[in-house]
Number of protein chains: 2
Amino acid sequence: MSKCEQCIIRKFSSLRALNKEELIKISGCKVSRVVKKGDILFEEGDHLKGVFCIREGACKLTKLSPNGKNHIVKFITKGDLLGQRSVISDESVNLSAVAVNDMEVCFIPREEIMTSFKGNPDFSVEVVRDICYDLKNSDDGAVNMAQKNVKQRLADSLLYLHDTFGEDVDGFIKVQLSREEIAGMVGTATESLIRMLSEFSKKGLIEVKGKRIKITSILKIQNVSDGIM
Amino acid sequence: MSKCEQCIIRKFSSLRALNKEELIKISGCKVSRVVKKGDILFEEGDHLKGVFCIREGACKLTKLSPNGKNHIVKFITKGDLLGQRSVISDESVNLSAVAVNDMEVCFIPREEIMTSFKGNPDFSVEVVRDICYDLKNSDDGAVNMAQKNVKQRLADSLLYLHDTFGEDVDGFIKVQLSREEIAGMVGTATESLIRMLSEFSKKGLIEVKGKRIKITSILKIQNVSDGIM
DNA sequence: AGAAACGTATGACAATTATCATATTTTTTT
DNA sequence: AAAAAAATATGATAATTGTCATACGTTTCT
């Protein structure tokens, strides 16, 4: 089993603020686990006993809307921590986490996180910084949802996916989502989403091959997002 | 000048986790200030040098959408702290704060907050808890914005206002907003909002007297919010 | 291989919402 | 108190988006 000290996640998440002793301690009690595509890490209402480190793969954070649709709030990818919010505030999670591809995750028990949080100010500042960043993004997202139309929101979602997952060798976004899932991100009906994807495709903004999507012109998509059409 | 130790705000915000010495120290360097209705506490992009304690009155947190409309993200009222996020993460604010009525606020310099945050684990846990709570609400809000229609969102906004400001003696919500401001909360055109208010009024869900709004049946509004119409 | 199930796509239509024009009312200013 | 400005209200219409029906293509299962 590999040690936390050498793990890449440490470099990019709030864990970077931990000292050697803390890392060794965590290394000893963490549990590694493989999560298959479609598997559920946790569900709305669950009480988490620790945080997940994503070593490989990605998952979506979803929330069941009152209308019965599954809304994708965001994606958590390699190098991210998952579950910080509810572990530290000691509340049940308000979102479900489902793997969008095969994952490899480590589980760090709540006690370890809290001990470091209370004992290591550098760590607590980093954790809060992470959560504040999420809060800022969430507020921005809410404004976009409220003020933009579906076309603009689709543009936003495509840019977000591109940003989060990057491109493969052919320039396609490195994640495969169903049309229904994308509709769930954008907040629209699946049929409407499909139509809009074809429209974007016809206008040469994107190229679609099955589930794979390539952004042909970031600038043009950016313009759509900003309402310049 | 009154002391922080006796201030009501202390009881309801994360400040309750501060000890006597910390409170006395803060008491000594805080600055009280009166903010008139319509005055700006800070604007998108500003770098805050401390947090505000709201002793009296309320302000709206708004964000200018790419479409040029002012979206109201939330309200901060008596007893709340304002600016924690950006003070602790040491980033510029992403929202503007504008007084919706006359306010009385205290300003606590950044250094005081950070010293306590780093030195008093109880306080840092409370602060994070507050921010986590905001994050949870923001995520929920984003989902509602994305998945609900305008009518449902108006119901949500009315319930939120009722919750946040309470009722006056006649049962009207204790805040007066322009139609444009409410439209900015809901994320719709002002004309659409006005129509929907009349519709709610005709159906007996609310009673409208000028800028004053009374919810006649919380249950019915709740049902509208949930899509039961 | 064939059937069933599912995801994707498209047409037709209805419902929702935005926009523009124009009253009407309220508030502010002079 | 009258005039001007701003906010509220309503009608007409267009644009956007959702819903239902149906067809087509893929995947899955036996």
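So you know, we letter chains A, B, ... as the sequences are listed, proteins then strands, and number each from 1.
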Spacing between [X] atom [atom1] and [N] atom [atom2], to the nearest angstrom:
| X | N | atom1 | atom2 | value |
| --- | --- | --- | --- | --- |
| B:Arg212 | D:dA7 | CZ | C1' | 18 Å |
| A:Asn149 | D:dT17 | CG | C1' | 10 Å |
| B:Glu191 | D:dG11 | CD | P | 14 Å |
| A:Lys151 | D:dA15 | NZ | C1' | 10 Å |
| A:Gln152 | C:dA18 | CD | P | 12 Å |
| A:Arg153 | D:dT17 | CZ | P | 7 Å |
| B:Ile182 | D:dA7 | CD1 | P | 14 Å |
| A:Ile194 | D:dT26 | CD1 | C1' | 14 Å |

Report which part of the nucleic acid A:Thr190 touches: base, sugar-phosphate, or nothing (heavy-atom distance under 4.0 Å, all strands). nothing
Which part of the nucleic acid, if any, lies within reach of B:Ser192 when heavy atoms closer than 4.0 Å are counted: base, sugar-phosphate only, or nothing? base
Around atom CD of A:Glu104, are there more than 12 heavy atoms from other residues, nucleotides or ligands closer than 6.0 Å? yes
Between B:Lys74 and B:Thr164, do the side chains contain a donor N or O and an acceptor N or O under 3.5 Å apart? no
Residue pair A:Ser96 / A:Lys60, side-chain donor-acceptor N/O under 3.5 Å: no
Any N or O donor-acceptor pair linking the side chain of B:Arg195 to the base of D:dG11 at under 3.5 Å? yes
Donor/acceptor link under 3.5 angstrom from B:Arg179 side chain onto base of C:dT25: no
Salt bridge check, A:Asp168 against A:Arg212: does any charged N sit closer than 4.0 Å to a carboxylate O? yes
Would you mind telling me which of C:dT17, C:dG7, D:dA7 lies closest to the side-chain atoms of A:Lys211? C:dG7
Is any side-chain nitrogen or oxygen of A:Ser198 closer than 4.0 Å to OP1 or OP2 of C:dA9? no
Does the ring of A:Phe172 carry A:Lys214 above it, NZ/CZ under 6.0 angstrom from centre and within 45° of its axis? yes
